[in-house]
There are 2 protein chains.
Amino acid sequence: MISYSLVGFVKREFGKMAAAGQRAGENMISSIAELISDRIGTMPAGERRAAQTLIANYPLTGLKTVAEFSAAAGVSSPTILRFVARLGFQNYPEFQSALQDELAAQLQSPASRTLNPSSAGGAVSPMLEATLDNMRETFRHLTDKQLADIAARLAERRGKTFLIGGRFTDPLARYMAAHLAIIQPDVYHLAGQESIWRDRLIDMGKRDVLVIFDIRRYQDSLVRFAEKAHQRGVQIILFTDQWLSPIARFARHVIAGRTAVPSAWDSSAALFVVAETLIGAVTRQLEAAGAKRIRDLESLR
Amino acid sequence: MISYSLVGFVKREFGKMAAAGQRAGENMISSIAELISDRIGTMPAGERRAAQTLIANYPLTGLKTVAEFSAAAGVSSPTILRFVARLGFQNYPEFQSALQDELAAQLQSPASRTLNPSSAGGAVSPMLEATLDNMRETFRHLTDKQLADIAARLAERRGKTFLIGGRFTDPLARYMAAHLAIIQPDVYHLAGQESIWRDRLIDMGKRDVLVIFDIRRYQDSLVRFAEKAHQRGVQIILFTDQWLSPIARFARHVIAGRTAVPSAWDSSAALFVVAETLIGAVTRQLEAAGAKRIRDLESLR
DNA sequence: CAAAATACGTAACATAAGATACAGCGCCCC
DNA sequence: GGGGCGCTGTATCTTATGTTACGTATTTTG
């Protein structure tokens, strides 16, 4: 897949500007909208109409076809193409890809708008803000029904439940296992070396559930393990990041959490909260089902 | 210009539902994302993978071409087309137009981006909202300076760093240890039975740091351990809940996180985020100090 | 005012996109 | 264990999209 990124594009543009003797630091062009308003003055009438229609409801018109764009602007198709050519794009698809990349960046970090002025300089606030955004975003892509389905699958006691995680996410698997193991039997956290849990595959069948935590860099050992478990008919519930671990290929349910934070490390906090939410949901379902074990537990306390 | 609006589409869908004897008021479908998660359960494996990849970074993948979509999902083009057909769209362009219309509505009213209104009555929102509140509250009582001090203490390489947690918080200790152990030497997570880590006390002295996670019900074993470590001059950093574990008595630094959520369990999410923030801060400090280990690490990658 | 240059649209073209037919495969049920 | 059903991918076809060439209109300049 060839992707024409905005970054690459802007770099090229800066190249041109530098060649023309301009200093890149002065007019920073970080979005196509700015690029347009920067050059709209030098455009002929038709292309200006195209520019204005695009800006009017940016960036949607640019994502449609050339024909639709031209109709919306009231000009002909070639004018649209000349317009995007003047912006520096080689062809229309490249232009659209740039718009999409820009949109992706916007949608993935809503943090850019919610700037807390009180957070002057401190290293804490950006981290917290990003984390909060990640959680909101994560849950925005997660419906009640999905969570309820997954919780129901975890709550139904047909088979065993196995949990496993990667290098940094294994603690999440442990955390979830620690809770689930209390409210229901046959919950196992797979720990230690690969050879150890690989041998546990023998115990797994199509009635069982395997919960896997895997964020990039995705671990080959986990992928292999997931594949084999999948072949055995085990239902896989995957916690991963928004780029989806290759395990998604085998998973019955996929939970994609946002992980980007201003830090050297990725954040698993959003996945952690999803895990807690699921733990609560499973507990509630078991309570509602009047599970004997729950009553016994309460009497023990 | 022919525009296939989402509104029109939903109307048609409601028509089908009404014909099938369902009442439209019960499951309101106001976005394609909801529509997908509503039907994802009834989909075959391949189409479900398509659905999951689309949801993972919604709605961008849906705006790309069928070929790109299929490549991202790891399935073939026809599967993508069958997927959109199952959602009720006549063809792929109609599907894309619906996504674009939805996007347009979102971009015009950024307020609607805050939360999924349909999840108002569900069990998710209260949990998420409580968690977010907990984090804000936790960080409100936590100054930048406090965190910076703790991070500095963890970053200075005079002695060893030990981490330990309670029944449910031990995974947090593991998570933190997994990161810290990478960027600096002599980081040890204390696991297993009490007798094991009690014996490790011999290794601990006043140059060392002990990070303890303990929320209620506070574990006696941890309190005893903390007391003995304190007597040996070990500096204790305590992660606890707002009611403060008795260990706070011995601790040099105390981080009190909010734990209350509408669930049968307490939430450790706020503490988790503090831990991540600290991990990031320590990393940054070590980088700034030009630690050789960090450079070596980067060259290894 | 005339001539040149530029801009714009119509129409034909080539390419790449979406749609379809069909065969292989796995899965479930009997 | 065998037969049937359903899902999935390969290959082919068709559509429509982006692209280009060219002639006309419009503006600009000497």
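Only heavy atoms go into these numbers, but all of them, side chains included; no hydrogens, no water, no symmetry mates. It should be emphasised that the depicted structure is a prediction, and the values quoted were computed from it without experimental measurement. Every chain is numbered from 1, with letters handed out A, B, ... down the list of sequences.
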TODO: Determine to 10° how strongly the helix from dC1(C)-dG30(D) to dC30(C)-dG1(D) is bent, judged from the axes of its five-pair ends.
DONE: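 Inter-axis angle at the termini of the helix from dC1(C)-dG30(D) to dC30(C)-dG1(D): 30°.
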Hey, are the side chains of [X] and [Y] touching, using non-hydrogen atoms and a 4.5 Å cut-off?
X	Y	value
Ile164(A)	Val211(A)	no
Leu103(A)	Leu63(A)	yes
Ile255(A)	Ile150(A)	yes

- [ ] At under 4.0 Å between heavy atoms, which parts of nucleotides 5-13 of chain C does protein reach? Answer with one letter per nucleotide, 5' to 3': B base, S sugar-phosphate only, - none.
- [x] --SBBB---
Task: Pairs meeting criterion side chain to side chain donor-acceptor pair (under 3.5 Å) with involvement of residues 78-88 of chain A, two or more places apart - done: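 Side chain to side chain donor-acceptor pair (under 3.5 Å) check on residues 78-88 of chain A returns Glu47(A)-Arg86(A), Ser76(A)-Thr79(A).
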Open item on the list: I'd like to know if Glu137(A) and Arg140(A) make a salt bridge, using a cut-off of under 4.0 Å between side-chain N and carboxylate O.
Closed with: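 Between Arg140(A) and Glu137(A) there is a salt bridge, with a charged N closer than 4.0 Å to a carboxylate O.
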Task: Backbone N/O of Gly165(A) and side chain of Gln219(A): donor-acceptor pair under 3.5 Å - done: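 Not at all, since once roles are kept as given, no pair shorter than 3.5 Å links the two residues.
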[X] has an atom [atom1]; how far is it from atom [atom2] of [N], in whole Å?
X	N	atom1	atom2	result
Leu81(B)	dA21(C)	CG	C1'	14 Å
Lys64(B)	dG18(C)	NZ	C1'	17 Å
Tyr92(B)	dA16(C)	OH	C1'	14 Å

Open item on the list: Please identify the 5'-most and 3'-most nucleotides of DNA chain D with any atom under 4.0 angstrom from a heavy atom of chain A.
Closed with: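 In short, chain A contacts DNA chain D from dT17(D) to dT20(D).
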Open item on the list: Testing the 3.5 Å rule here: is there a donor-acceptor pair between the side chains of Gln242(A) and Tyr58(B)?
Closed with: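 Note: Gln242(A) and Tyr58(B) side chains miss the donor-acceptor criterion.
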Task: Audit row: Asp214(A), Ser245(A), side chain to side chain donor-acceptor pair (under 3.5 Å) steps and yes/no - done: CA-CA 6 Å; Asp214(A) 188 36; Ser245(A) 154; 2.8 Å; yes
- [ ] Any ring-ring contact (aromatic ring centres under 6.0 Å, His included) involving residues 197-224 of chain A? Give me the pairs, sequence neighbours left out, ordered by first then second residue.
- [x]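 Of all non-adjacent pairs touching residues 197-224 of chain A, those that pass ring-ring contact (aromatic ring centres under 6.0 Å, His included) are Trp197(A)-Phe225(A), Phe213(A)-Phe239(A).
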Throw together a table of side-chain donor-acceptor distances under 3.5 angstrom for residues 179-187 of chain A, partners on residues two or more places apart or in other chains.
unit_1, atom_1, unit_2, atom_2, d
His179(A), ND1, Tyr175(A), O, 2.9
Gln184(A), OE1, Arg157(A), NH1, 3.4
Gln184(A), NE2, Leu154(A), O, 3.2
Asp186(A), OD1, Tyr188(A), OH, 3.0

